[in-house]
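Just so we're clear, the structure is a prediction, and the values are computed from it rather than from any experiment. Note on naming: letters A, B, ... go to the chains in the order of the sequence lines (proteins, then strands), and numbering restarts at 1 for each one.
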Amino acid sequence: MADKPKVAIYWLASCAGCDEAIVDLNEAILMVADAVDIVLWPVALDFKYESIRKMEKGEITLAIIHGAVRNSEQEEMAKLLREKSQLVLAFGACACFGGTAGLANFRSKEDIFNWVYQDAPTVVNPNMNRPQTETSVNGNTLTLPEFFERVHPLNDIISVDYYLPGCPPPPDLIANAVFAVLEDKLPPRGTTLAPSKPLCDACPRNRSKPLRLEISEFKRIHEVEANEDQCFLAQGILCIGPAIRSGCGETCIRTNTPCRGCFGPVDGVDDAGAKFISSLASLISADNEEESQKTIDGIADLAGYCYRFSLPSASLKHKNKE
Amino acid sequence: MTTFIPKLVCFSCKFGWGYLNTNGYREQLKNLIPVTCSGKVDTTHIMDAFRKGADGVIILGCPEKECHFQTGNYQARKRILLLRKILKEFGVEPERLKVELNLDPEGTRIPIVIGEMRKEIEKLGPLSPSV
(Lines give C-alpha, C1' and ligand atoms only; values in the text may rest on other atoms or scores of the structure.)
Protein backbone atom coordinates (compact mmCIF):
# COMPACT_ATOMS: atom_id res chain seq x y z
CA MET A 1 0.00 0.00 0.00
CA ALA A 2 2.61 2.49 1.07
CA ASP A 3 4.46 2.84 -2.22
CA LYS A 4 1.36 3.18 -4.38
CA PRO A 5 0.72 6.69 -5.66
CA LYS A 6 -1.98 8.44 -3.67
CA VAL A 7 -4.98 9.90 -5.48
CA ALA A 8 -7.63 12.21 -4.04
CA ILE A 9 -10.93 12.82 -5.79
CA TYR A 10 -12.88 15.75 -4.48
CA TRP A 11 -16.05 17.69 -5.29
CA LEU A 12 -16.57 21.39 -4.89
CA ALA A 13 -19.70 23.06 -6.31
CA SER A 14 -20.48 19.98 -8.36
CA CYS A 15 -23.43 17.76 -9.18
CA ALA A 16 -21.35 14.57 -8.74
CA GLY A 17 -21.87 13.73 -12.40
CA CYS A 18 -18.09 13.82 -12.68
CA ASP A 19 -17.83 11.15 -9.96
CA GLU A 20 -20.34 9.17 -11.98
CA ALA A 21 -18.10 9.56 -15.03
CA ILE A 22 -15.16 8.14 -13.08
CA VAL A 23 -17.28 5.15 -12.07
CA ASP A 24 -18.20 4.80 -15.75
CA LEU A 25 -14.64 3.71 -16.41
CA ASN A 26 -16.18 0.30 -15.68
CA GLU A 27 -13.54 -2.46 -15.58
CA ALA A 28 -10.72 0.03 -16.01
CA ILE A 29 -11.51 1.51 -12.62
CA LEU A 30 -10.46 -1.80 -11.04
CA MET A 31 -7.06 -1.40 -12.65
CA VAL A 32 -6.90 2.14 -11.37
CA ALA A 33 -7.93 1.05 -7.89
CA ASP A 34 -5.20 -1.61 -7.99
CA ALA A 35 -2.56 0.82 -9.12
CA VAL A 36 -3.30 3.69 -6.75
CA ASP A 37 -4.24 4.33 -3.19
CA ILE A 38 -7.39 6.49 -3.09
CA VAL A 39 -7.12 8.73 -0.04
CA LEU A 40 -10.21 10.87 -0.49
CA TRP A 41 -13.42 10.41 -2.46
CA PRO A 42 -16.41 11.76 -0.55
CA VAL A 43 -19.04 10.45 -2.92
CA ALA A 44 -17.83 6.84 -2.79
CA LEU A 45 -15.65 6.23 0.23
CA ASP A 46 -15.52 7.41 3.82
CA PHE A 47 -12.37 9.40 4.57
CA LYS A 48 -11.84 12.25 7.01
CA TYR A 49 -10.52 15.67 6.06
CA GLU A 50 -8.35 15.47 9.14
CA SER A 51 -6.32 12.64 7.64
CA ILE A 52 -5.60 14.87 4.62
CA ARG A 53 -4.56 17.74 6.88
CA LYS A 54 -2.04 15.47 8.61
CA MET A 55 -0.35 14.54 5.34
CA GLU A 56 2.98 15.92 4.22
CA LYS A 57 3.18 18.50 1.47
CA GLY A 58 3.07 16.80 -1.92
CA GLU A 59 2.19 13.43 -0.42
CA ILE A 60 -0.78 13.02 -2.75
CA THR A 61 0.36 12.33 -6.31
CA LEU A 62 -2.81 13.48 -8.04
CA ALA A 63 -5.81 15.44 -6.85
CA ILE A 64 -8.77 15.18 -9.20
CA ILE A 65 -10.97 18.15 -8.33
CA HIS A 66 -14.33 18.74 -9.93
CA GLY A 67 -16.86 21.50 -9.40
CA ALA A 68 -16.58 25.27 -9.25
CA VAL A 69 -15.77 27.28 -6.15
CA ARG A 70 -18.76 29.10 -4.68
CA ASN A 71 -18.13 29.21 -0.93
CA SER A 72 -15.33 29.40 1.61
CA GLU A 73 -15.44 25.69 2.47
CA GLN A 74 -14.76 24.81 -1.15
CA GLU A 75 -11.96 27.35 -1.26
CA GLU A 76 -10.41 25.89 1.88
CA MET A 77 -10.56 22.32 0.54
CA ALA A 78 -9.15 23.36 -2.84
CA LYS A 79 -6.23 25.09 -1.12
CA LEU A 80 -5.67 22.12 1.20
CA LEU A 81 -5.57 19.67 -1.70
CA ARG A 82 -3.27 21.98 -3.66
CA GLU A 83 -0.85 22.04 -0.75
CA LYS A 84 -0.83 18.28 -0.30
CA SER A 85 -0.76 17.31 -3.99
CA GLN A 86 1.95 17.18 -6.60
CA LEU A 87 -0.54 17.47 -9.44
CA VAL A 88 -3.99 19.02 -9.54
CA LEU A 89 -6.33 18.05 -12.36
CA ALA A 90 -9.29 20.39 -12.91
CA PHE A 91 -11.88 17.81 -13.84
CA GLY A 92 -15.03 18.67 -15.75
CA ALA A 93 -16.46 21.92 -17.10
CA CYS A 94 -17.23 23.41 -13.64
CA ALA A 95 -13.66 23.12 -12.37
CA CYS A 96 -12.19 24.21 -15.72
CA PHE A 97 -14.47 27.16 -16.58
CA GLY A 98 -17.11 27.50 -13.86
CA GLY A 99 -19.71 25.28 -15.53
CA THR A 100 -23.48 25.69 -15.63
CA ALA A 101 -23.43 26.66 -11.97
CA GLY A 102 -21.43 29.66 -13.15
CA LEU A 103 -24.51 31.07 -14.93
CA ALA A 104 -25.36 32.34 -11.44
CA ASN A 105 -22.78 35.06 -12.11
CA PHE A 106 -25.44 36.82 -14.16
CA ARG A 107 -26.95 37.66 -10.77
CA SER A 108 -25.48 39.15 -7.65
CA LYS A 109 -25.32 37.26 -4.37
CA GLU A 110 -28.00 39.59 -3.01
CA ASP A 111 -30.34 38.79 -5.93
CA ILE A 112 -29.82 35.07 -5.40
CA PHE A 113 -30.45 35.25 -1.65
CA ASN A 114 -33.52 37.42 -2.17
CA TRP A 115 -34.99 34.87 -4.54
CA VAL A 116 -34.04 31.72 -2.66
CA TYR A 117 -34.90 32.92 0.85
CA GLN A 118 -37.69 35.36 0.16
CA ASP A 119 -39.22 35.94 -3.26
CA ALA A 120 -39.58 32.43 -4.71
CA PRO A 121 -43.29 31.51 -4.61
CA THR A 122 -42.70 28.38 -2.54
CA VAL A 123 -40.75 30.16 0.21
CA VAL A 124 -42.32 31.07 3.57
CA ASN A 125 -39.84 33.11 5.58
CA PRO A 126 -41.68 35.73 7.68
CA ASN A 127 -38.60 36.49 9.82
CA MET A 128 -36.54 37.14 6.67
CA ASN A 129 -33.87 34.72 7.85
CA ARG A 130 -30.72 34.48 5.82
CA PRO A 131 -27.81 32.06 6.25
CA GLN A 132 -25.18 33.57 8.55
CA THR A 133 -21.55 32.56 8.71
CA GLU A 134 -21.79 32.64 12.52
CA THR A 135 -24.82 32.15 14.73
CA SER A 136 -24.96 31.99 18.50
CA VAL A 137 -27.26 29.32 19.93
CA ASN A 138 -27.39 28.75 23.72
CA GLY A 139 -23.89 30.08 24.16
CA ASN A 140 -22.50 27.97 21.33
CA THR A 141 -21.37 29.29 18.01
CA LEU A 142 -22.56 27.59 14.85
CA THR A 143 -20.75 28.33 11.63
CA LEU A 144 -21.56 28.05 7.94
CA PRO A 145 -19.24 28.57 4.97
CA GLU A 146 -19.39 32.02 3.42
CA PHE A 147 -21.26 32.24 0.11
CA PHE A 148 -19.06 34.19 -2.29
CA GLU A 149 -20.23 37.03 -4.48
CA ARG A 150 -19.34 35.04 -7.58
CA VAL A 151 -18.73 31.52 -8.86
CA HIS A 152 -15.04 30.89 -9.57
CA PRO A 153 -13.36 28.34 -11.78
CA LEU A 154 -10.72 26.33 -9.92
CA ASN A 155 -7.78 28.26 -11.39
CA ASP A 156 -9.12 31.48 -9.86
CA ILE A 157 -8.39 29.98 -6.45
CA ILE A 158 -5.40 27.66 -6.83
CA SER A 159 -2.87 26.86 -9.52
CA VAL A 160 -4.02 24.01 -11.72
CA ASP A 161 -1.64 21.64 -13.52
CA TYR A 162 -3.95 19.95 -16.00
CA TYR A 163 -7.43 20.44 -17.34
CA LEU A 164 -9.90 17.80 -18.42
CA PRO A 165 -13.11 19.51 -19.56
CA GLY A 166 -16.53 18.04 -20.29
CA CYS A 167 -19.87 17.72 -18.62
CA PRO A 168 -18.86 15.15 -17.64
CA PRO A 169 -15.51 14.22 -19.21
CA PRO A 170 -15.83 11.07 -21.34
CA PRO A 171 -14.39 7.82 -19.94
CA ASP A 172 -11.72 7.43 -22.65
CA LEU A 173 -10.15 10.80 -21.82
CA ILE A 174 -10.38 10.08 -18.08
CA ALA A 175 -8.59 6.76 -18.55
CA ASN A 176 -5.94 8.43 -20.74
CA ALA A 177 -5.38 11.13 -18.13
CA VAL A 178 -5.12 8.76 -15.18
CA PHE A 179 -2.81 6.33 -16.98
CA ALA A 180 -0.67 9.23 -18.24
CA VAL A 181 -0.09 10.15 -14.59
CA LEU A 182 0.61 6.58 -13.57
CA GLU A 183 3.00 5.99 -16.44
CA ASP A 184 4.55 9.45 -16.13
CA LYS A 185 3.76 10.35 -19.73
CA LEU A 186 2.22 13.72 -19.06
CA PRO A 187 2.41 16.68 -21.45
CA PRO A 188 3.71 20.07 -20.21
CA ARG A 189 1.83 21.54 -17.26
CA GLY A 190 -1.12 23.71 -18.07
CA THR A 191 -2.20 21.45 -20.92
CA THR A 192 -5.79 20.48 -21.52
CA LEU A 193 -5.89 16.71 -21.78
CA ALA A 194 -8.19 16.63 -24.80
CA PRO A 195 -7.80 17.08 -28.57
CA SER A 196 -7.00 20.63 -29.64
CA LYS A 197 -9.23 20.81 -32.72
CA PRO A 198 -12.71 22.29 -32.70
CA LEU A 199 -15.79 20.13 -32.55
CA CYS A 200 -16.77 20.78 -36.18
CA ASP A 201 -13.64 18.88 -37.14
CA ALA A 202 -14.94 15.73 -35.49
CA CYS A 203 -18.64 16.33 -36.09
CA PRO A 204 -20.39 13.56 -38.02
CA ARG A 205 -22.57 16.22 -39.69
CA ASN A 206 -19.64 18.25 -40.99
CA ARG A 207 -20.01 16.96 -44.55
CA SER A 208 -23.63 18.09 -44.70
CA LYS A 209 -22.51 21.69 -44.30
CA PRO A 210 -23.25 23.76 -47.42
CA LEU A 211 -20.43 25.62 -49.15
CA ARG A 212 -21.61 28.84 -47.61
CA LEU A 213 -23.64 28.92 -44.42
CA GLU A 214 -26.23 31.67 -44.43
CA ILE A 215 -28.65 32.16 -41.59
CA SER A 216 -31.47 34.64 -41.82
CA GLU A 217 -33.58 33.33 -38.96
CA PHE A 218 -32.50 31.56 -35.79
CA LYS A 219 -34.52 28.78 -34.25
CA ARG A 220 -34.19 27.00 -30.95
CA ILE A 221 -33.82 23.26 -30.94
CA HIS A 222 -37.14 22.66 -29.16
CA GLU A 223 -39.06 24.76 -31.67
CA VAL A 224 -38.32 22.63 -34.70
CA GLU A 225 -37.91 19.02 -35.67
CA ALA A 226 -34.24 19.07 -36.47
CA ASN A 227 -32.95 17.02 -39.36
CA GLU A 228 -30.81 14.26 -37.86
CA ASP A 229 -28.12 14.37 -40.52
CA GLN A 230 -27.72 18.03 -41.35
CA CYS A 231 -25.40 20.60 -39.74
CA PHE A 232 -27.35 22.45 -37.04
CA LEU A 233 -26.13 25.86 -38.15
CA ALA A 234 -27.29 25.09 -41.69
CA GLN A 235 -30.75 24.58 -40.17
CA GLY A 236 -30.56 27.93 -38.37
CA ILE A 237 -30.16 26.27 -34.97
CA LEU A 238 -27.48 27.70 -32.68
CA CYS A 239 -24.62 25.25 -32.22
CA ILE A 240 -21.45 26.50 -30.53
CA GLY A 241 -19.36 23.68 -32.02
CA PRO A 242 -17.19 25.93 -34.24
CA ALA A 243 -15.60 27.48 -31.13
CA ILE A 244 -15.50 24.44 -28.86
CA ARG A 245 -12.85 21.79 -28.33
CA SER A 246 -13.54 18.30 -29.62
CA GLY A 247 -13.00 15.07 -27.72
CA CYS A 248 -16.42 14.76 -26.12
CA GLY A 249 -17.42 11.85 -28.35
CA GLU A 250 -20.05 14.09 -30.02
CA THR A 251 -22.71 12.59 -27.76
CA CYS A 252 -25.01 15.61 -27.98
CA ILE A 253 -24.78 15.77 -31.77
CA ARG A 254 -25.53 12.06 -32.02
CA THR A 255 -28.69 12.54 -29.97
CA ASN A 256 -29.77 15.39 -32.25
CA THR A 257 -28.84 18.16 -29.84
CA PRO A 258 -26.57 21.03 -30.84
CA CYS A 259 -23.28 21.60 -29.02
CA ARG A 260 -23.60 23.67 -25.86
CA GLY A 261 -19.90 24.09 -25.22
CA CYS A 262 -18.98 21.94 -22.21
CA PHE A 263 -15.47 21.31 -23.59
CA GLY A 264 -14.55 24.96 -23.53
CA PRO A 265 -12.34 26.88 -25.93
CA VAL A 266 -9.73 25.36 -28.23
CA ASP A 267 -6.02 25.90 -27.60
CA GLY A 268 -4.98 29.54 -27.83
CA VAL A 269 -8.45 30.93 -27.06
CA ASP A 270 -9.52 32.04 -23.60
CA ASP A 271 -13.05 33.07 -24.25
CA ALA A 272 -15.00 30.60 -26.38
CA GLY A 273 -18.20 32.65 -26.15
CA ALA A 274 -16.60 35.73 -27.66
CA LYS A 275 -14.89 33.65 -30.33
CA PHE A 276 -18.19 32.05 -31.25
CA ILE A 277 -19.73 35.50 -31.74
CA SER A 278 -17.09 36.21 -34.37
CA SER A 279 -17.88 33.07 -36.30
CA LEU A 280 -21.62 33.45 -35.84
CA ALA A 281 -21.57 37.01 -37.19
CA SER A 282 -20.12 35.85 -40.49
CA LEU A 283 -22.96 33.32 -40.90
CA ILE A 284 -25.73 35.86 -40.61
CA SER A 285 -27.09 36.69 -44.02
CA ALA A 286 -28.43 40.21 -44.15
CA ASP A 287 -28.15 43.04 -46.64
CA ASN A 288 -28.34 45.95 -44.27
CA GLU A 289 -28.17 46.94 -40.64
CA GLU A 290 -31.92 46.65 -40.05
CA GLU A 291 -32.05 43.11 -41.38
CA SER A 292 -29.02 42.09 -39.32
CA GLN A 293 -30.56 43.60 -36.22
CA LYS A 294 -33.85 41.79 -36.86
CA THR A 295 -32.08 38.45 -37.21
CA ILE A 296 -30.00 39.09 -34.10
CA ASP A 297 -33.04 40.20 -32.07
CA GLY A 298 -34.52 36.79 -32.83
CA ILE A 299 -31.80 34.97 -30.88
CA ALA A 300 -33.05 34.12 -27.41
CA ASP A 301 -30.59 34.36 -24.50
CA LEU A 302 -27.46 34.71 -26.60
CA ALA A 303 -25.14 35.34 -23.64
CA GLY A 304 -26.60 32.36 -21.81
CA TYR A 305 -25.95 30.17 -24.83
CA CYS A 306 -22.43 31.40 -25.51
CA TYR A 307 -21.38 31.14 -21.88
CA ARG A 308 -23.49 28.20 -20.72
CA PHE A 309 -20.47 26.45 -19.25
CA SER A 310 -17.91 29.22 -19.09
CA LEU A 311 -19.41 32.40 -17.67
CA PRO A 312 -17.02 32.64 -14.67
CA SER A 313 -14.03 32.49 -17.01
CA ALA A 314 -15.48 34.94 -19.57
CA SER A 315 -13.20 37.87 -20.26
CA LEU A 316 -15.90 40.36 -19.36
CA LYS A 317 -16.71 40.55 -15.69
CA HIS A 318 -20.16 41.95 -15.50
CA LYS A 319 -22.82 43.40 -13.40
CA ASN A 320 -26.29 41.92 -13.47
CA LYS A 321 -28.28 40.39 -16.23
CA GLU A 322 -31.23 42.60 -17.04
CA MET B 1 -17.63 64.90 -8.86
CA THR B 2 -14.11 63.87 -9.78
CA THR B 3 -13.24 64.26 -13.43
CA PHE B 4 -13.71 61.05 -15.29
CA ILE B 5 -11.67 60.68 -18.45
CA PRO B 6 -13.01 57.71 -20.37
CA LYS B 7 -10.52 55.20 -21.67
CA LEU B 8 -11.37 54.50 -25.28
CA VAL B 9 -9.92 51.96 -27.65
CA CYS B 10 -10.29 52.71 -31.35
CA PHE B 11 -9.68 50.14 -34.07
CA SER B 12 -9.29 52.00 -37.32
CA CYS B 13 -9.30 50.56 -40.84
CA LYS B 14 -6.20 51.73 -42.67
CA PHE B 15 -7.95 51.80 -46.04
CA GLY B 16 -10.79 54.09 -45.11
CA TRP B 17 -9.52 56.21 -42.26
CA GLY B 18 -5.98 57.44 -42.83
CA TYR B 19 -2.89 56.87 -40.81
CA LEU B 20 -2.76 60.03 -38.71
CA ASN B 21 1.00 59.99 -38.83
CA THR B 22 1.58 63.54 -39.96
CA ASN B 23 -0.76 65.82 -38.16
CA GLY B 24 0.20 65.09 -34.61
CA TYR B 25 -3.15 63.55 -33.75
CA ARG B 26 -1.53 60.23 -33.15
CA GLU B 27 0.20 61.45 -30.01
CA GLN B 28 -3.04 62.80 -28.64
CA LEU B 29 -4.98 59.62 -29.21
CA LYS B 30 -3.87 56.76 -27.07
CA ASN B 31 -5.06 53.28 -27.92
CA LEU B 32 -5.64 53.99 -31.59
CA ILE B 33 -5.02 50.69 -33.30
CA PRO B 34 -4.75 50.74 -37.10
CA VAL B 35 -5.99 47.48 -38.61
CA THR B 36 -5.90 46.09 -42.14
CA CYS B 37 -9.69 45.84 -42.22
CA SER B 38 -12.45 46.44 -39.69
CA GLY B 39 -13.47 42.83 -40.36
CA LYS B 40 -10.14 41.78 -38.88
CA VAL B 41 -11.18 42.95 -35.42
CA ASP B 42 -12.19 39.82 -33.59
CA THR B 43 -14.75 39.86 -30.79
CA THR B 44 -12.07 38.48 -28.48
CA HIS B 45 -9.99 41.65 -29.11
CA ILE B 46 -12.93 43.80 -28.11
CA MET B 47 -13.73 41.75 -25.02
CA ASP B 48 -10.06 41.88 -24.13
CA ALA B 49 -10.11 45.67 -24.37
CA PHE B 50 -13.06 45.83 -21.97
CA ARG B 51 -11.40 43.36 -19.64
CA LYS B 52 -8.25 45.42 -19.52
CA GLY B 53 -10.09 48.53 -18.50
CA ALA B 54 -11.54 50.20 -21.61
CA ASP B 55 -14.72 52.18 -20.96
CA GLY B 56 -15.66 52.13 -24.62
CA VAL B 57 -14.56 50.64 -27.93
CA ILE B 58 -15.11 52.17 -31.34
CA ILE B 59 -14.39 50.56 -34.70
CA LEU B 60 -13.90 52.64 -37.81
CA GLY B 61 -14.55 50.85 -41.08
CA CYS B 62 -14.99 51.67 -44.76
CA PRO B 63 -18.38 52.88 -46.05
CA GLU B 64 -20.95 50.37 -47.26
CA LYS B 65 -20.05 48.63 -50.52
CA GLU B 66 -16.53 50.06 -50.40
CA CYS B 67 -14.63 47.53 -48.30
CA HIS B 68 -11.25 46.75 -49.83
CA PHE B 69 -11.86 43.10 -48.97
CA GLN B 70 -15.47 43.13 -50.20
CA THR B 71 -17.42 42.46 -46.98
CA GLY B 72 -15.08 43.09 -44.03
CA ASN B 73 -17.01 46.15 -42.89
CA TYR B 74 -20.32 44.25 -43.01
CA GLN B 75 -18.79 41.45 -40.95
CA ALA B 76 -17.56 44.00 -38.43
CA ARG B 77 -21.00 45.56 -38.18
CA LYS B 78 -22.76 42.21 -37.66
CA ARG B 79 -20.18 41.31 -35.06
CA ILE B 80 -20.74 44.56 -33.20
CA LEU B 81 -24.52 44.13 -33.29
CA LEU B 82 -24.17 40.63 -31.83
CA LEU B 83 -21.68 41.78 -29.26
CA ARG B 84 -23.88 44.70 -28.23
CA LYS B 85 -26.62 42.19 -27.50
CA ILE B 86 -24.17 40.18 -25.38
CA LEU B 87 -23.01 43.32 -23.54
CA LYS B 88 -26.61 44.20 -22.74
CA GLU B 89 -27.21 40.75 -21.33
CA PHE B 90 -24.05 41.17 -19.24
CA GLY B 91 -25.48 44.38 -17.82
CA VAL B 92 -23.10 46.63 -19.76
CA GLU B 93 -24.51 49.56 -21.73
CA PRO B 94 -24.37 48.62 -25.45
CA GLU B 95 -23.53 52.26 -26.25
CA ARG B 96 -20.01 51.50 -25.06
CA LEU B 97 -19.41 49.69 -28.32
CA LYS B 98 -19.76 51.41 -31.66
CA VAL B 99 -18.95 50.93 -35.28
CA GLU B 100 -18.74 53.77 -37.78
CA LEU B 101 -18.62 52.99 -41.47
CA ASN B 102 -17.36 56.03 -43.30
CA LEU B 103 -14.55 57.39 -45.43
CA ASP B 104 -11.84 59.73 -44.20
CA PRO B 105 -8.53 59.17 -45.98
CA GLU B 106 -6.81 62.03 -44.15
CA GLY B 107 -7.99 60.78 -40.80
CA THR B 108 -9.00 64.28 -39.75
CA ARG B 109 -12.39 63.16 -38.52
CA ILE B 110 -10.95 60.50 -36.23
CA PRO B 111 -10.42 62.87 -33.29
CA ILE B 112 -13.95 64.25 -33.81
CA VAL B 113 -15.54 60.79 -33.85
CA ILE B 114 -13.57 59.78 -30.79
CA GLY B 115 -14.45 63.04 -29.07
CA GLU B 116 -18.16 62.42 -29.64
CA MET B 117 -17.86 58.90 -28.28
CA ARG B 118 -15.92 60.21 -25.30
CA LYS B 119 -18.73 62.60 -24.45
CA GLU B 120 -21.27 59.79 -24.55
CA ILE B 121 -19.13 57.57 -22.34
CA GLU B 122 -18.63 60.43 -19.89
CA LYS B 123 -22.39 60.39 -19.38
CA LEU B 124 -22.36 56.62 -18.78
CA GLY B 125 -19.47 56.75 -16.32
CA PRO B 126 -16.67 54.23 -15.96
CA LEU B 127 -17.28 50.58 -16.76
CA SER B 128 -17.07 49.02 -13.36
CA PRO B 129 -17.10 45.27 -13.20
CA SER B 130 -18.97 43.78 -10.26
CA VAL B 131 -16.01 42.06 -8.60
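- Aromatic pair Phe106(A)/Phe90(B): ring centres closer than 6.0 Å.
- Using a 4.5 Å cut-off between heavy atoms, Tyr307(A) contacts chain B through its side chain alone, with no backbone atom that close.
- Between Phe147(A) and Phe113(A), the gap from one ring centroid to the other is short of 6.0 Å.
- Phe97(A) and Tyr163(A) have their aromatic ring centers separated by at least 6.0 angstrom.
- Within the 4.5 angstrom heavy-atom criterion, atoms from both the backbone and the side chain of Arg79(B) approach chain A.
- Ranking Leu87(B), Ile80(B), Leu81(B), Thr71(B) against chain A, the residue ahead of the rest is Leu81(B), based on heavy-atom pairs under 4.5 Å.
- When side chains are defined from C-beta on, Leu60(B) does not count as touching Ser38(B), because their heavy atoms never get closer than 4.5 Å.
- Ranked by heavy-atom pairs under 4.5 Å with chain B, the first of Ala281(A), Cys306(A), Ser292(A) is Ala281(A).
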